[in-house]
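These notes are about the structure you will find just below.
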There are 2 protein chains.
Amino acid sequence: MMKLSRLTDYAAVVMAQIARQPQQPHAAAELAEAVKLPHPTVSKTLKMLVKAGLLESQRGAQGGYRLARPAHEITAIDIITAIEGPVAMTECSQSDGDCDLLDTCGVADNWQRVSLAVRTLLDSVTLAHLAQTAPIKLPVRLPIQSIDLGATADT
Amino acid sequence: MMKLSRLTDYAAVVMAQIARQPQQPHAAAELAEAVKLPHPTVSKTLKMLVKAGLLESQRGAQGGYRLARPAHEITAIDIITAIEGPVAMTECSQSDGDCDLLDTCGVADNWQRVSLAVRTLLDSVTLAHLAQTAPIKLPVRLPIQSIDLGATADT
DNA sequence: ACCATAGAGGACTAAAATGGTACCCAATTC
DNA sequence: GAATTGGGTACCATTTTAGTCCTCTATGGT
């Protein structure tokens with residue numbers, strides 16, 4: 001279903017929560033409470049986000065988590081990648097090599113392009129966007145026509 | 001990783017294979033051979049594609065599978081949906097109801113829009129595109145600016 | 001009519017990813 | 001130095017995914 005994992009979902013929610021008050025540090029417990037999720041799970045998520053460099057942490061009393069960068073410099077793809085690893089629709093769209101069906105497949109290259117388009121899209125959505133409580137506007141149709149998926153035989 | 005499941009991958013490859021010779025029926029065994037995948041697995045995939053209405057099947061001798069519609073009328077999303085069910089990035093982006101965190105979440109609506117954008121993108125890629133052995137061209141950047149994800153809040 | 005071919009449908013199993021929890025250690029602050 | 005708060009790891013339960021197999025039904029050829 002192409003879904004994000006639940007943890008990624010949590011991550012987004014938690015990040016948004018932090019983004020709404022970027023000045024003060026947020027303790028894991030506080031966030032868990034705010035978001036109504038089990039503390040250990042939130043904690044785990046936060047750690048992953050720190051590892052990915054999206055959050056900074058401060059230990060000790062009065063410690064907590066803060067955004068490592070302004071919300072508008074953190075993108076959806078950053079968050080997804082932090083939790084799930086590289087975004088790629090197929091095995092072969094992330095790196096080369098692994099797929100031994102490349103010959104018979106005949107589709108790999110095109111999937112990679114689609115993958116890229118998805119990544120680009122995801123990269124254009126920032127945490128600042130996501131954190132807006134008021135729904136963002138997103139006109140239903142992308143001007144996809146501009147994607148030259150058209151039958152261009154040659155290069 | 002937002003990956004497609006392996007079966008979906010197979011489905012795409014097999015569909016492409018059929019699309020390249022749309023006139024004749026293709027037996028599961030033949031396709032499995034062509035694509036170098038185990039017969040039962042390919043068979044299973046094909047059945048799913050038939051159920052989804054993307055392929056038509058003919059039983060008996062000289063039978064096999066054929067596209068139910070011209071390749072350019074079958075989209076990536078059709079194939080993905082056939083195997084994995086509805087494409088949605090989060091639980092709540094597919095239907096309403098299931099998520100009991102909607103209040104605290106504050107991100108749901110925005111994810112849904114992103115989801116929609118991804119779906120639209122995927123909908124613009126047809127089987128005809130995928131089936132081209134020559135790689136399709138896809139200029140790296142989508143004109144994402146036109147997506148009014150623009151900030152309504154601060155900044 | 002009968003047989004060979006080819007798909008339909010479903011059940012079942014094995015394996016892997018995911019989600020969740022617990023435990024103990026390290027750093028800060030008061 | 002005690003309380004607070006994050007860091008790291010290891011572990012377990014559950015769910016998903018993938019793959020296989022078996023039997024039934026439809027079609028075409030002889």
Side-chain angles (χ1 to χ4, degrees), chain A residues 1-14 18 24-68 80 82-86 88 90-91 101, chain B residues 1-11 13-14 18 24-33 35-68 80 82-86 88 90-91 98-99 101:
Chain A
M1 327 199 182
M2 277 209 59
K3 275 206 199 65
L4 302 175
S5 84
R6 227 184 289 181
L7 285 184
T8 307
D9 221 342
Y10 300 165
V13 174
V14 169
I18 298 176
Q24 51 189 281
H26 300 261
E30 172 213 323
L31 291 167
E33 170 62 21
V35 164
K36 299 263 201 316
L37 286 172
H39 179 179
T41 300
V42 169
S43 195
K44 186 181 188 175
T45 307
L46 288 166
K47 286 173 202 168
M48 290 195 256
L49 292 167
V50 169
K51 249 188 212 156
L54 305 187
L55 290 179
E56 280 171 357
S57 62
Q58 174 77 19
R59 288 186 176 188
Q62 318 308 324
Y65 295 92
R66 250 167 302 124
L67 297 185
I80 296 173
I83 309 293
E84 315 195 1
T90 59
E91 279 312 323
L101 296 173
Chain B
M1 328 199 181
M2 277 209 57
K3 275 206 199 65
L4 301 175
S5 83
R6 223 183 294 177
L7 285 183
T8 308
D9 222 341
Y10 299 165
V13 174
V14 169
I18 298 177
Q24 51 189 278
H26 299 262
E30 171 212 322
L31 291 168
E33 170 61 22
V35 165
K36 298 264 201 314
L37 287 172
H39 179 183
T41 300
V42 170
S43 194
K44 186 182 188 174
T45 307
L46 289 166
K47 286 174 200 169
M48 290 194 257
L49 292 167
V50 169
K51 249 189 210 155
L54 304 187
L55 290 180
E56 280 171 356
S57 62
Q58 174 78 19
R59 290 188 176 185
Q62 319 307 325
Y65 295 90
R66 248 166 303 127
L67 298 185
I80 297 173
I83 309 293
E84 315 195 2
T90 61
E91 281 309 326
D98 298 44
C99 182
L101 298 173

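Chain letters run A, B, ... following the sequence lines, proteins first, then strands; residues in each count from 1.
Atom CD1 of B:Ile18 is separated from atom P of C:dG7 by 10 Å (rounded to the nearest Å). If you take NE2 of A:His39 and C1' of D:dG7, they are 12 Å apart, rounded to a whole angstrom. Per the geometry, CZ belonging to B:Arg66 stands 14 Å off P belonging to C:dA6, to the nearest Å. Whole-Å rounding puts the B:Asp9 CG to D:dG19 P distance at 11 Å. The separation between A:Lys44 atom NZ and C:dT18 atom P is 11 Å, rounded to whole Å. With rounding to whole Å, A:Leu4 atom CG is found 18 Å from C:dA17 atom P. In this structure, B:His26 atom NE2 and C:dT5 atom C1' are separated by 17 Å, rounded to whole Å. Counting to the nearest Å, the P atom of C:dT18 and the CD atom of A:Glu84 are 7 Å from each other.
Interface residues of residues 47-57 of chain B facing DNA chain C, ordered by number: B:Lys47, B:Val50, B:Ser57; criterion, heavy-atom separation under 4.0 Å.
OP1 or OP2 of D:dG19 has at least one side-chain nitrogen or oxygen of B:Arg6 nearer than 4.0 Å. Between D:dA18 and B:Tyr10, no contact under 4.0 Å exists linking OP1 or OP2 to a side-chain N or O. Applying the 4.0 Å criterion to OP1 and OP2 of C:dA8, one finds that B:Tyr65 has a side-chain N or O inside that range. Taking side-chain N and O atoms only, A:Thr41 has a distance below 4.0 Å to OP1 or OP2 of C:dT21. Contact between the side-chain N/O atoms of A:Ser5 and the OP1/OP2 oxygens of C:dG19 is found at a separation under 4.0 Å.
Nucleic acid contact for B:Ala28: sugar-phosphate only, since backbone atoms but no base atoms lie under 4.0 Å from a heavy atom of the residue.
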Practice problem: Please step through side-chain contact (heavy atoms from CB on, under 4.5 Å) for the pair A:Leu67 and A:Leu54, ending with a clear verdict. | Solution: CA-CA 6 Å; A:Leu67 297 185; A:Leu54 305 187; over 6 Å; no

Exercise. Take A:Ile18 and A:Arg66 through the test side-chain contact (heavy atoms from CB on, under 4.5 Å) and record every step on the way to the result.
Key: CA-CA 7 Å; A:Ile18 298 176; A:Arg66 250 167 302 124; 5.6 Å; no

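Atom CG of A:Leu7 and atom OG1 of A:Thr45 lie 5.0 Å apart (nearest 0.5 Å). Separating the OH atom in A:Tyr10 from the CE atom in A:Met48 is a distance of 11.0 Å, to the nearest 0.5 Å.
Mapping B:Gly63 and A:Arg59 onto DNA chain C by nearest heavy atom places B:Gly63 closer to the 5' end of the strand.
Summarising the geometry of A:Ala28 relative to A:His39, their closest heavy-atom pair is CB-NE2, 3.8 Å, with the distance given to 0.1 Å. Pairing each heavy atom of A:Ala82 with each of A:Ala52, the nearest pair is CB-CB, 3.4 Å.
With sequence neighbours excluded, the residues that form a side-chain hydrogen bond (donor to acceptor under 3.5 Å, both in side chains) with A:Thr8 are A:Ser5, A:Glu84.
Across D:dG28, C:dG7, C:dT21, the shortest atom-to-atom separation from the side chain of B:Gln58 is found for D:dG28.
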